Amino acid sequence: MENARNFQKELDKLLDGMVKNQEAGKRLFLHSCCAPCSSYVLEYLRTYFRITVFYYNPNISFETEYQKRVAEQKRLIDAYNAQETGYPIDIVEGDYEPQRFYDMAKGLEDCPEGGERCFLCYELRLRRTAELAKAGGYDYFCTTLSISPLKNAKKLNEIGERLADEYQVPWLASDFKKKNGYKRSIELSAQHQLYRQDYCGCVFSKQERERAK
C-alpha cells in the first residue's frame, strides 16, 4: 500500500528551501473561505510570501452572511497589516455568485457534508482561484480550506494539483490543520474577536447543523 503523502512536510521543505536560497517574497494567491480559517494561515505564511487573499465563496447561501464574513476578512487583514510584521497582505474580493453554486449542486442536494457536493464546491472555488492566479502572474496559488478538520486535505491537494497542470501555475501543497494550525486559528479568532460560524456557508451545511442541534 502506498504511504499517504504528508503535505505539511512537503510545505516545510519548500519553505526551508526558499529561506536557504533567499527566495522569500514570492507572490501567493490565497483563496480564503473565512477570516477565522485564514487567521493562522496568514500568520504562518506572511513571512515567506507576498499574499493576496482571494475571497470567493459562492457557496454562501445568504447575502447577509456573505457580507458579514467578507467584512471580517477585511478587518483581520487590516489588523495584520497594522502589525508591520511580515509582508503586507492584499485582498481581492470575488463576485458573489450563489447561483453558480446552486447550479453545481443540482442532483446532489441530499449528499452528506464531506461528500461529492463538497468536492465539486472545492473545485468551483479553486478553479476561479487558479484562473486569476494565472492571469495575475502569481508564483503560487492555494486555499485556507485544509485547516478545517471537516475538509478533505487529500482531495483539496488533488484538485489543486490538477488545476495547476491545467493553468500552468504552481499549487502550494498544504494541510494547514497540521502543526496545531486549527488550534491556533481558534486562539487567533478569540484574540481578534472574529465572527466564527458553525457551518461552511451553504444552505445544505446549515440544515445539517440544525438537524444535529
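Everything numeric in this text was worked out from a predicted model, so none of it was measured.
When the side chain to side chain donor-acceptor pair (under 3.5 Å) test is applied to Tyr40, no partner is found at least two apart in sequence or on another chain. Residues that satisfy the side chain to side chain donor-acceptor pair (under 3.5 Å) test with Lys177, not counting sequence neighbours, are Asp175. Listed by chain and residue number, Met18, Phe49, Tyr140, Leu172 satisfy the side-chain contact (heavy atoms from CB on, under 4.5 Å) test with Leu14 (two or more places apart in sequence, or in another chain). With sequence neighbours left out, Lys74 forms a side chain to side chain donor-acceptor pair (under 3.5 Å) with Glu93. With sequence neighbours left out, Asp90 forms a side-chain contact (heavy atoms from CB on, under 4.5 Å) with Thr52. The ring-ring contact (aromatic ring centres under 6.0 Å, His included) check on Tyr167 picks up nothing, with sequence neighbours excluded. In this view, Arg125 and Asn57, Asn59 satisfy the side chain to side chain donor-acceptor pair (under 3.5 Å) rule, not counting sequence neighbours. Every residue two or more places apart in sequence or in another chain that forms a side-chain contact (heavy atoms from CB on, under 4.5 Å) with Asn6 is listed here: Gln8, Lys9. With sequence neighbours excluded, the residues forming a side-chain contact (heavy atoms from CB on, under 4.5 Å) with Ser148 are Leu150, Lys151, listed by chain and number.
Counted within 6.0 Å of CD on Gln99, heavy atoms from surrounding residues, nucleotides or ligands total more than 12; the atom is thus considered enclosed. Taking a 6.0 Å sphere around CD of Gln22, one finds it holds 12 or fewer heavy atoms contributed by other residues, nucleotides or ligands. More than 12 heavy atoms of other residues, nucleotides or ligands lie within 6.0 Å of CD in Gln191, so this atom counts as buried by the packing criterion. The neighbour count for Asp110 CG, taken as heavy atoms of other residues, nucleotides or ligands under 6.0 Å away, does not exceed 12.
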Indicate every side-chain donor-acceptor pair of residues 156-163 with a distance under 3.5 Å to a residue at least two apart or in another chain.
{"residue": "Asn157", "atom": "OD1", "partner": "Trp171", "partner atom": "NE1", "Å": "3.0"}
{"residue": "Asn157", "atom": "OD1", "partner": "Ser174", "partner atom": "N", "Å": "3.1"}
{"residue": "Asn157", "atom": "ND2", "partner": "Ala153", "partner atom": "O", "Å": "2.8"}
{"residue": "Asn157", "atom": "ND2", "partner": "Ser174", "partner atom": "O", "Å": "2.8"}
{"residue": "Glu158", "atom": "OE2", "partner": "Lys155", "partner atom": "NZ", "Å": "3.1"}
{"residue": "Glu161", "atom": "OE1", "partner": "Arg5", "partner atom": "NH1", "Å": "3.1"}
{"residue": "Glu161", "atom": "OE2", "partner": "Arg5", "partner atom": "NH1", "Å": "3.2"}
{"residue": "Glu161", "atom": "OE2", "partner": "Arg5", "partner atom": "NH2", "Å": "2.9"}
{"residue": "Arg162", "atom": "NH1", "partner": "Glu123", "partner atom": "OE2", "Å": "3.1"}
{"residue": "Arg162", "atom": "NH2", "partner": "Glu123", "partner atom": "OE1", "Å": "3.0"}

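No side-chain heavy atom of Tyr80 sits under 4.5 Å from any side-chain heavy atom of Ile51. Using a 4.5 Å cut-off on side-chain heavy atoms (C-beta onward), Tyr102 and Ser61 make contact. Taking 4.5 Å as the limit, some side-chain heavy atom of Leu42 sits within range of a side-chain heavy atom of Leu30.
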Criterion side-chain contact (heavy atoms from CB on, under 4.5 Å) on Arg128 and His31, from CA distance to verdict:
CA-CA 9 Å; Arg128 186 59 179 150; His31 167 263; over 6 Å; no
Evaluation steps, salt bridge (Lys or Arg N to Asp or Glu O under 4.0 Å), between Arg100 and Asp95
CA-CA 11 Å; Arg100 288 193 68 185; Asp95 295 330; over 6 Å; no
Give the C-alpha distance, both sets of side-chain angles, the deciding distance and a yes or no for side-chain contact (heavy atoms from CB on, under 4.5 Å) between Ser39 and His192.
CA-CA 9 Å; Ser39 59; His192 292 281; 5.7 Å; no
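Atom CG of Leu126 sits about 10.5 Å away from atom CZ of Phe54, to the nearest 0.5 Å. Note: Ile60 CD1 to Gln67 CD = 9.5 Å, rounded to the nearest 0.5 Å. Distance CG/Leu11 to CZ/Phe7: 11.5 Å, rounded to 0.5 Å. Note that CG of Leu120 is 9.5 Å distant from CZ of Phe101, once rounded to the nearest 0.5 Å. Between the SG atom in Cys118 and the CG atom in Leu124 there is a gap of 12.5 Å [rounded to 0.5 Å]. The line from CD1 of Ile89 to CD of Gln73 is 9.0 Å long, rounded to the nearest 0.5 Å.
Under the 4.5 Å side-chain heavy-atom criterion for grouping Ile, Leu, Val, Met, Phe, Trp and Tyr, Leu15 is not connected to Tyr87 through any hydrophobic cluster.
Aromatic ring pairs are classed by plane angle as parallel below 30°, tilted from 30° to 60° and perpendicular above 60°; the pair Tyr138 and Phe29 is tilted.
Screening residues 111-133 for ring pair (Phe, Tyr, Trp, His ring centres under 6.0 Å) gives Phe119-Tyr122 as the qualifying pairs, with residues at least two apart or on separate chains. Judged as a salt bridge (charged side-chain N to carboxylate O under 4.0 Å, His left out), the pairs with a partner in residues 33-57 (not counting sequence neighbours) are, in order, Glu43-Arg184.
Between Tyr55 and Tyr66, the distance separating the two ring centers is shorter than 6.0 angstrom.
No option in Lys68, Glu65, Arg75 other than Glu65 meets the side chain to side chain donor-acceptor pair (under 3.5 Å) test with Tyr195.
In terms of heavy-atom proximity, Met104 sits nearest to Cys121 at SD-N, 3.4 Å. Closest approach of Cys111 and Arg117 over heavy atoms only: O-NH1, 2.8 Å. Scanning both residues, Arg196 and Pro36, for their nearest heavy atoms gives NH1-CB, 3.3 Å. Nearest heavy atoms, Leu194 versus Glu72: CA-OE2, 3.3 Å. Here the closest non-hydrogen pair linking Phe141 and Ala133 is CB-CB, 3.8 Å. Here the shortest heavy-atom pairing between Ser185 and Ile147 reads CB-CD1, 3.8 Å.
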